[in-house]
Amino acid sequence: MQNENIKPARKKIPRNKISEQQPASRIKNFSEVELGFSDQQALLESQRCLMCKNPKCTLGCPVEIDIKGFISLIKDKKFHEALEKIREKNTMPGICGRVCPQEDQCEKECILGIKDDPVAIGKLERFLADYGIKNSKQNNSEETALHNNNSGTGKKIKAAVIGAGPAGLTCSGELAKMGYDVTLFEALHKAGGVLVYGIPEFRLPKSIVDGEVEYVKSLGVEIKLNSIVGKTYTIDELLDNGYTSVFIATGAGLPYFLGIPGENLNGVYSANEYLTRVNLMKGYLFPHWDTPVKRTSVVSVIGGGNVALDSARTAKRLGAEKVYLIYRRSEVEMPGRIEEIKHAKEEGIEMVFLTNPVEIKGENGWVKKITCIKMQLGDPDESGRRRPVTIPGSEHDIDTGIVVIAIGQGPNPVLMQTSPDISLNKWGNIIADDICKTNKKGVFAGGDIVTGAATVILAMGAGKVAARAMDDYMKTGVW
Amino acid sequence: MKENKILEKSVLCSDTVSLIIYSPVIAAKARAGQFVIVRASEEGERIPLTIAESYPSSGTINLAILKRGKTTNLLCSLNKGDYITDIAGPLGKPSEIEKFGTVCIIGGGVGIAPTVPIIKAMKEAGNFVISIMGARNCSGLIFEDSIKKYSNQYHVCTDDGSTGYKGFVSGFLTQYLNENPDKKPDRIVAIGPVLMMKAVCDVTSPFGIKTIVSLNPIMVDGTGMCGSCRVEVGGKTMFGCVDGPEFDGHLVDFGLLNSRLNIYCNEEKVSYDKYMEKHECKMKI
Ligand SMILES: Cc1cc2nc3c(=O)[nH]c(=O)nc-3n(C[C@H](O)[C@H](O)[C@H](O)COP(=O)(O)OP(=O)(O)OC[C@H]3O[C@@H](n4cnc5c(N)ncnc54)[C@H](O)[C@@H]3O)c2cc1C
Ligand SMILES: Cc1cc2nc3c(=O)[nH]c(=O)nc-3n(C[C@H](O)[C@H](O)[C@H](O)COP(=O)(O)OP(=O)(O)OC[C@H]3O[C@@H](n4cnc5c(N)ncnc54)[C@H](O)[C@@H]3O)c2cc1C
Ligand code: SF4
Ligand code: SF4
Ligand code: FES
């Protein structure tokens, strides 16, 4: 144990609880569940930080935010400065504070966490971001002092970014700050990627995402919506039409299905479809918004990650009385954020562990039941988690209305069909090195399209790394 | 000029409207068989519409829209000078165009519109093109001039017999194939209502003529991201928007397609009634 922890006895402050909407009322609306820290709570929480000489927390953060630094500024009530400290490393604190799996990252390493609950780093980050929005002193002043990357003719060098998720938005913002003329191409009619079509309003208000998109625009990035690269344009066309470099950040947008009988019955959704209908298309406001989504009194969601939890909690808010979350492993293996699991339980989601669907049965074309088989945990697999194996003869039926399949997403092949010269791995993800370079000159890639479905902060980190590498390439022309 | 502006509107027949829209990037890229995803308002649904014609030189595309529910009615109520909120595309795989020899192209109802670019491309590829178009009555026979211009033979069928063959296109096709055993088409392309496409496939299957159909499953993104457009072809699940919309009709599970097209019947009615109510109120004021 480090000796910096041997300090005069401190009054022990318990981890501050964030105030939340109560489960009984929040399952009837789509407003944010967590209400955020008050100034007082944030101050109190900041006092819990040990101000470690060797702060491990920062090592746990993929973008290495100076956590101790910003917490100490909170202690001094210098909220704006604290926010600036975060923004040095992370331009989207309002999003990361809300959705990062802190328990596996910064808070996992927090030294206070060895004996006590770790400092609520994510909640403090979110507090500062919200404070920044409420007291918006637009901090663009420094950003306007841009580097002058022009091609000698006074015209700026052009860069293209494909996909307006966290990776693409971050990369665009960074490149614009460096003085490049950036065009961001987005397939959908709204920018934000998973942040707008996947993660629900009750976990990440869309106004926060819109704010980040506006900020990126304010840096001079041109966002071209409804532009599907691979269809509307090809990468080669972009390179031939004045874009010196391209960053591919198209995410993991291909829904996987189980491949079991009955999966095409009416009422079986991919989580992508279900969440897109509800979030992007605002199906929860139907018929004021036009896009419908099915509401049934029993909903079964297959999977155990954030996507499954989001789908299950969405179903509850759409009025389902019973929502089952059917997962083939046990609770400890669930990849979802701990907080989401807790919230889901509070909201009455029924977790059905060690159970796997083998068939979906229907009547007149509509889902009626899922036949499941029980599983037990065997030896650990490549992921280190114990592999679920079926228990023969344990088949049983679960009555259900709709079924939402949330077992993972892969890379969408639309873009790559027109760029066969970019190397992919066996799952179809783009192969890129640690500075996001692909095998094709001038083309970089990062985020979920490279790593497979991962996290928001990793995607943002990749966007940043790519921007630096693209800057080098565009300045020197050296590949 | 700003993109997505409606430059011309014409009423093709009682319930079908054609909109010529300024959309230069799509116009330059569109190939026969492709579609766009359109949103008609900020709160609107994303719906697919086939690109009936595209003119790269003027940067325009032509969409032929049949009034069905809320979105298509809203689109048909727009006028010259109005803008369409969002248009994305061109999506889907282009039609397979080759010199097959004799190609028979069958269109039904609003499905006639998407046959136009295919007829043109097939003709330009050197095929002998037989067009068979079907509608409820003579006023439904849209795009006649364009179709005649590029077809070697042009046949029409109407349900009421007001012009041409009285009956369905499948009936005419059976008669044609039986009467012209030596002029068996090398390929058939059929686009129209699900029942029509199925009926055509049932006719052509015993003759062993490869028959391509264009499927119209319910879509959301149109880019392979959601799986709403799942169809079964040859026992395999495919995504209509990226693997299609054209498939080998003899392998398509039409029953499933039909069933999936009815998922939102109730909701569509709610949406439509609400739209009409508002519309009528406005007209009263
Ligand atoms: C429901 C759900 C919940 C999640 N919850 C969390 C969470 O709590 N915490 C967390 O850290 N992570 C979470 N994740 C994962 C996280 O959202 C992703 O890892 C992250 O968004 C990846 O960012 P990205 O920029 O690589 O791609 P995306 O966010 O997927 O964005 C890609 C963008 O590219 C666009 N695009 C795709 N193809 C094309 C093309 N050909 N042309 C133009 N544009 C294109 C897409 O429309 C999209 O807007 C969740 C994911 C989902 C689906
Ligand atoms: C690839 C493709 C090309 C098409 N091309 C044309 C065309 O050129 N002209 C034309 O008039 N129609 C075309 N359609 C059909 C058109 O998309 C539907 O008529 C339209 O979506 C109906 O919307 P609505 O709100 O007016 O009616 P609704 O009341 O919502 O629906 C009426 C019926 O249309 C179908 N439908 C509903 N929503 C969708 C959706 N999002 N996607 C697909 N189908 C849906 C359903 O079967 C529904 O029962 C095409 C469909 C596909 C898949
Ligand atoms: S960005 Fe995420 S991992 Fe880093 S400090 Fe913030 S919440 Fe923790
Ligand atoms: S957040 Fe945790 S690890 Fe970081 S400085 Fe404070 S107590 Fe130490
Ligand atoms: S419409 Fe979403 S995958 Fe085809």
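Chain letters run A, B, ... following the sequence lines, proteins first and then strands; every chain starts at 1. Please read all numbers here as calculations on a predicted model, not as lab measurements.
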Beyond-backbone contact of A/Lys282 with B/Glu42, side-chain heavy atoms, under 4.5 angstrom: no
Under a 4.5 Å cut-off applied to non-hydrogen side-chain atoms, are B/Glu45 and A/Trp289 in contact? no
More than 12 heavy atoms of other groups within 6.0 Å of B/Glu8 CD: no
Are the side chains of B/Tyr275 and A/Asp290 in touch, meaning some heavy atoms are under 4.5 Å apart? no
Min side-chain heavy-atom separation A/Tyr197-B/Asp221 under 4.5 Å: no
What distance do B/Ser259 atom OG and A/Asn364 atom CG have between them, rounded to the nearest 0.5 Å? 9.0 Å
Please check if atom NZ in B/Lys198 has more than 12 non-hydrogen atoms from other residues, nucleotides or ligands closer than 6.0 Å. no
Would a 4.5 Å heavy-atom cut-off, applied to side chains only, mark A/Arg277 and B/Ser228 as touching? yes
If I measure from the heavy atoms of chain B, does A/Glu186 come under 4.5 Å with its side chain, its backbone, both, or neither? neither
Counting heavy-atom pairs under 4.5 Å to chain B, which of A/Thr291, A/Val414, A/Asn266, A/Asn272 comes out on top? A/Asn266
Between A/Pro287, A/Pro292, A/Ser270, A/Pro413, which has the largest tally of heavy atom pairs under 4.5 Å with chain B? A/Pro292
Portion of A/Leu285 that has a non-hydrogen atom of chain B nearer than 4.5 angstrom: neither
So, A/Lys231 side chain and B/Gly92 main chain: donor-acceptor pair closer than 3.5 Å or not? yes
Given the rule in the side-chain contact (heavy atoms from CB on, under 4.5 Å) test, do A/Tyr233 and B/Val25 qualify, once you have shown the distances and angles that lead to the verdict? CA-CA 9 Å; A/Tyr233 310 91; B/Val25 181; 3.9 Å; yes
Could you check which of B/Glu232, B/Glu43, B/Glu268, B/Lys274 has the highest count of heavy-atom pairs closer than 4.5 Å to chain A? B/Glu43
Rounded to the nearest 0.5 Å, how far does CE of B/Met225 lie from OG1 of A/Thr276? 4.0 Å
Approximate separation, where rounding is to 0.5 Å, of B/Thr85 OG1 and A/Leu225 CG: 12.5 Å
For chain A, which of B/Ile87, B/Ile47, B/Val242 has the most heavy-atom pairs under 4.5 Å? B/Ile87
For A/Glu263, is there an ion pair with B/Arg230 - N to carboxylate O distance below 4.0 angstrom? no
Given heavy-atom pairs under 4.5 angstrom as the criterion, report whether the side chain, backbone, both or neither of B/Gln34 touches chain A. side chain
Considering all heavy atoms of both residues, which atom of A/Pro255 and which atom of B/Gly227 are nearest to each other, and what is their separation? CG-N, 4.2 Å
Please check if the side chain of B/Arg39 supplies one atom and the backbone of A/His189 the other of a donor-acceptor pair under 3.5 Å. no
For A/Ile228, which atoms come within 4.5 Å of any heavy atom of chain B: side chain, backbone, both, or neither? side chain
Within the supplied structure, the quantity of interest is the number of heavy atoms (other residues, nucleotides, ligands) at a distance under 6.0 Å from B/Lys29 NZ; does it exceed 12? yes
A/Asn264 versus B/Thr237, side-chain donor and acceptor atoms under 3.5 Å: yes
Contact class of B/Ile218 relative to chain A, heavy atoms under 4.5 angstrom: side chain
What is the distance from atom OH of A/Tyr269 to atom CD1 of B/Ile263, rounded to the nearest 0.5 Å? 6.5 Å
Under 4.5 Å to a heavy atom of chain B? For A/Val268 that would be both
About how many Å separate SG of B/Cys226 and CG of A/Leu275, when rounded to the nearest 0.5 Å? 11.5 Å
If you measure from the Lys or Arg side-chain nitrogens to the Asp or Glu carboxylate oxygens, is any gap between B/Glu267 and A/Arg295 under 4.0 Å? no
Closest heavy-atom pair, B/Val270 versus A/Phe286, reported as atoms and distance to 0.1 Å, is CG1-CE2, 4.3 Å
